[in-house]
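What follows is a set of notes on a single structure, which appears directly below.
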Amino acid sequence: MIRLFKVKEKQRELAENANGGSPIKKQSAGELRLHKDISELNLPKSCSISFPNGKDDLMNFEVSIRPDEGYYFGGTFLFSFQVSPIYPHEAPKVKCKTKVYHPNIDLEGNVCLNILREDWKPVLNINTVIYGLYHLFTEPNYEDPLNHDAAAVLRDNPKMFESNVKRAMYGGYVGQTYFPRCM
């Protein structure tokens with residue numbers, strides 16, 4: 001009986017040796033889908049993507065968002081994305097690397113965005129997530145907060161919230177918490 005898998009493995013080994021290179025790393029389904037998503041990105045002008053570990057590491061990248069309207073106009077906010085090999089069956093892990101006074105982002109950078117948690121579906125993509133993050137800055141949501149203090153101020157006193165956001169973005173204290181400049 002012919003062992004088909006052994007034959008295929010032997011052919012691959014011979015091909016690798018003939019090329020004189022090391023074995024070719026096989027991409028996971030998640031990497032293939034992510035490559036497709038990134039190649040089809042349609043970002044607003046106020047968003048950009050970078051690969052701090054180089055283009056060979058697609059599974060870890062950063063997105064910079066610079067809102068052009070709303071409370072956070074003029075600020076620059078950096079998010080790190082870690083994508084699982086089983087993407088799109090699992091949502092990417094997203095953290096805000098910029099300390100920000102925001103009802104939906106806590107001081108550790110955790111982000112409260114429904115499509116990153118309970119509403120994630122494999123038909124969603126990286127473009128959708130980036131637009132969702134952008135929307136958090138144009139329309140912060142006090143009804144689903146991670147930073148309860150910021151949410152209460154937004155709900156009860158929007159002018160005070162606006163003042164706190166500006167103070168934080170210019171680099172200063174809001175209550176007992178210091179925020180580095182992000183303008």
Just do the side-chain contact (heavy atoms from CB on, under 4.5 Å) check on R33 and N125 with the steps written out, would you?
-> CA-CA 9 Å; R33 166 64 190 273; N125 59 30; 3.7 Å; yes
Worked check of side-chain contact (heavy atoms from CB on, under 4.5 Å) between E62 and F79 | CA-CA 5 Å; E62 294 178 344; F79 291 86; over 6 Å; no
Apply side-chain contact (heavy atoms from CB on, under 4.5 Å) to N60 and F81, showing your working.
-> CA-CA 6 Å; N60 296 286; F81 281 64; over 6 Å; no
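The backbone N or O of P52 sits nowhere less than 3.5 Å from a side-chain atom of S50 that would complete a donor-acceptor pair. In this structure, the side chain of W120 engages the main chain of P88 through a donor-acceptor pair within 3.5 Å. At distances below 3.5 Å, at least one donor-acceptor pair connects side-chain atoms of N127 with backbone N or O atoms of N42. A side-chain donor-acceptor contact under 3.5 Å links R66 to the backbone of G74. Judged purely by atom type and a 3.5 angstrom limit, R117 has no side-chain atom pairing as donor or acceptor with the backbone of A91. In this structure, the side chain of E90 does not engage the main chain of Y87 through any donor-acceptor pair within 3.5 Å. When atom types are taken as modelled, the side chain of D106 and the backbone of N110 share a donor-acceptor pair closer than 3.5 angstrom. Judged by distance alone, with hydrogens and angles left aside, the side-chain atoms of S46 form no donor-acceptor pair with the main-chain N or O of P67 at under 3.5 Å.
Between T177 and the options D149, N147, L107, a side-chain contact (heavy atoms from CB on, under 4.5 Å) holds for only L107.
When the salt bridge (charged side-chain N to carboxylate O under 4.0 Å, His left out) test is applied to K95, no partner is found at least two apart in sequence or on another chain. Y71 pairs by the ring pair (Phe, Tyr, Trp, His ring centres under 6.0 Å) definition with F161, not counting sequence neighbours. With sequence neighbours excluded, the residues that form a ring pair (Phe, Tyr, Trp, His ring centres under 6.0 Å) with Y173 are Y178. Taking Y134 as the reference, nothing meets the ring pair (Phe, Tyr, Trp, His ring centres under 6.0 Å) condition, with sequence neighbours excluded. Residues satisfying the ring pair (Phe, Tyr, Trp, His ring centres under 6.0 Å) test with F73, not counting sequence neighbours, are none.
Connection of V63 to F51 is established within a shared hydrophobic cluster, with ILVMFWY side chains joined at heavy-atom distances below 4.5 Å, either directly or through further cluster members. The hydrophobic clustering, which links ILVMFWY residues whose side-chain heavy atoms are closer than 4.5 Å, places L32 and L58 apart. Note: the hydrophobic cluster containing I38 does not contain L78 (ILVMFWY, side chain heavy atoms under 4.5 Å, direct or indirect links). Under the 4.5 Å side-chain heavy-atom criterion for Ile, Leu, Val, Met, Phe, Trp and Tyr, L146 and L116 are members of distinct hydrophobic clusters. Each of Y131 and I49 belongs to its own hydrophobic cluster when Ile, Leu, Val, Met, Phe, Trp and Tyr are linked at side-chain heavy-atom distances under 4.5 angstrom.
Here OH of Y72 is found 12.5 Å from CE of M183. Values are rounded to the nearest 0.5 Å. A distance of 8.5 Å separates CG of D57 from CD of E31, quoted to the nearest 0.5 Å. Remark: C182 SG to Y101 OH distance equals 14.0 Å, nearest 0.5 Å. Note: I65 CD1 to T76 OG1 = 10.5 Å, rounded to the nearest 0.5 Å. Distance check, rounded to the nearest 0.5 Å: CG of L136 to SG of C96 gives 10.0 Å. To the nearest 0.5 Å, atom OG of residue S48 and atom CG of residue L41 are 11.0 Å apart.
Smallest separation of non-hydrogen atoms from P103 and L154: CG-CD2, 4.0 Å. Closest non-hydrogen pair, F179 versus V174, comes out as CE1-CB, 3.8 Å. Closest approach of F77 to M169, counting heavy atoms only: CZ-SD, 4.1 Å. P122 and H89 get closest at one heavy-atom pair: CG-ND1, 3.8 Å. For the residue pair D119 and N114, the shortest heavy atom distance occurs at OD2-ND2, 2.8 Å. Contact between S84 and M59 at its shortest, heavy atoms only, is O-CE, 3.2 Å.
A 4.5 Å side-chain heavy-atom check between V129 and L124 finds every atom pair outside the cut-off.
Residue-environment remark: CE (M160) stays at or below the threshold of 12 foreign heavy atoms within 6.0 Å. Summarising the local packing, CG of D156 is surrounded by more than 12 heavy atoms from other residues, nucleotides or ligands at distances under 6.0 Å.
Taking the ring centroids of F137 and H102, they lie under the 6.0 Å cut-off.
Residues in residues 135-145 take part in no side chain to side chain donor-acceptor pair (under 3.5 Å) pair, two or more places apart or across chains.
Note on K36 versus E40: salt bridge recorded, some NZ/NE/NH1/NH2 to OD/OE distance being below 4.0 Å.
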